[in-house]
Participant: 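Sending over a structure as structure tokens; questions will come in a sec.
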Amino acid sequence: TRDNTSTSSSRASSPTQLEATEKMKQVKTKLQLVDLAGSECVGMSGVTGAALRETSFINRSLSALADVLGAIAEQRSHVPYRNSKLTHLLQDSIGGDAKLLVMLCISPGQKYLTESMQSLGFGTRARQVQRGQVKKKNFPVPSKAK
């Protein structure tokens, strides 16, 4: 019978394979997709009760996100990530060497012109964030138990 726990093999000991194994790295990435809803004009929507409260939270979160993006764009020493649960949770996706993509959905209807312009203003602020080149963080691949 063959001993499967043995680590020596004539194939595995070739210099080329050992060199290739040592060069193998593991890259860790994170992808976060967040639907932020939209800034809502309470007067136009006419919401009340729980929906009004939810609208208020949405607007505060978007405002906090705009503050964070503004701080990064202006390269301020303090970025207010902790002003919102949303920005705190997204901190590693917004700052550092992360890539950020913001997609806006706007309405072509005249009735929604104010909200559409606010959304485009938000997008403009987000676009002003200057980022460095994204750097890969390589981590060694854990070796197999011998």
Side-chain angles (χ1 to χ4, degrees), residues 4-5 7 9 11-146:
N4 289 331
T5 60
T7 59
S9 164
R11 288 185 188 166
S13 63
S14 89
T16 306
Q17 285 183 343
L18 286 175
E19 186 177 312
T21 303
E22 289 176 18
K23 288 183 179 180
M24 288 179 64
K25 302 288 181 189
Q26 181 181 21
V27 177
K28 293 184 179 185
T29 60
K30 181 189 284 190
L31 174 65
Q32 292 181 323
L33 302 173
V34 181
D35 180 1
L36 296 175
S39 170
E40 296 192 28
C41 177
V42 175
M44 184 181 285
S45 66
V47 296
T48 59
L52 176 62
R53 188 166 184 248
E54 182 180 356
T55 298
S56 173
F57 287 131
I58 290 169
N59 289 342
R60 274 192 254 159
S61 292
L62 289 172
S63 179
L65 181 58
D67 291 344
V68 165
L69 293 175
I72 294 170
E74 295 171 9
Q75 297 179 343
R76 288 187 227 147
S77 60
H78 174 69
V79 180
Y81 290 113
R82 292 187 176 211
N83 288 356
S84 162
K85 194 179 284 188
L86 172 71
T87 55
H88 184 67
L89 290 172
L90 294 177
Q91 181 173 348
D92 60 340
S93 295
I94 298 171
D97 61 355
K99 270 291 203 197
L100 175 68
L101 171 68
V102 176
M103 281 195 326
L104 304 171
C105 297
I106 59 172
S107 174
Q110 183 70 28
K111 179 180 178 182
Y112 303 106
L113 180 63
T114 302
E115 287 182 323
S116 293
M117 293 305 292
Q118 287 175 346
S119 293
L120 290 171
F122 178 84
T124 300
R125 286 190 303 277
R127 191 170 186 206
Q128 291 171 346
V129 174
Q130 295 293 318
R131 311 303 296 236
Q133 184 175 359
V134 175
K135 299 173 190 111
K136 289 182 184 175
K137 293 178 183 172
N138 292 324
F139 300 95
V141 176
S143 62
K144 294 179 183 177
K146 296 181 180 180

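Every value quoted in this text rests on a predicted model; they were computed, and no experiment measured them.
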Participant: Side-chain atoms of residues 83-91: list all donor-acceptor pairs with protein atoms under 3.5 Å, sequence neighbours left out, distances to 0.1 Å.
Facilitator:
residue : atom : partner : partner atom : Å
S84     : OG   : L86     : N            : 3.1
T87     : OG1  : Y81     : O            : 2.6
T87     : OG1  : S84     : O            : 3.2

Participant: So, taking the atom named OG1 in T124 and the one named CG in L69, what distance separates them when rounded to the nearest 0.5 Å?
Facilitator: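 Between atom OG1 of T124 and atom CG of L69 there are 12.0 Å.
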
Participant: If you look at every heavy atom in A126 and V102, which pair is closest and at what distance?
Facilitator: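 Between these two residues, the closest heavy atoms are CB-CG2, 4.1 Å.
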
Participant: Write down the atom of P80, the atom of V68, and the distance for their closest heavy-atom approach.
Facilitator: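 Residues P80 and V68, closest heavy atoms: O-CG2, 3.5 Å.
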
Participant: Please list all pairs passing the side-chain hydrogen bond (donor to acceptor under 3.5 Å, both in side chains) test where one or both residues lie in residues 71-80, with sequence neighbours left out.
Facilitator: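 Counting only pairs at least two positions apart or across chains, the side-chain hydrogen bond (donor to acceptor under 3.5 Å, both in side chains) contacts touching residues 71-80 are E74-R76.
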
Participant: Do you know the tightest heavy-atom contact between A73 and Q128?
Facilitator: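 Nearest heavy atoms, A73 then Q128: CB-O, 3.8 Å.
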
Participant: What is the distance from atom CD of Q118 to atom CD1 of I106, rounded to the nearest 0.5 Å?
Facilitator: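 That separation rounds to 12.5 Å.
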
Participant: Tell me, which pairs form a salt bridge (Lys or Arg N to Asp or Glu O under 4.0 Å) where one or both residues lie in residues 46-73, sequence neighbours left out?
Facilitator: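 The answer is none; no pair qualifies.
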
Participant: Nearest 0.5 Å, please: how far is CG in L65 from CZ in R125?
Facilitator: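 CG of L65 is found 9.5 Å from CZ of R125.
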
Participant: Considering non-hydrogen atoms only, spot the tightest contact between V47 and L52 and give its length.
Facilitator: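 Nearest pair, atom of V47 first, then L52: CG2-CA, 3.7 Å.
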
Participant: From S116 OG over to Q110 CD, what is the distance, rounded to the nearest 0.5 angstrom?
Facilitator: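 These two atoms lie 9.5 Å from each other.
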
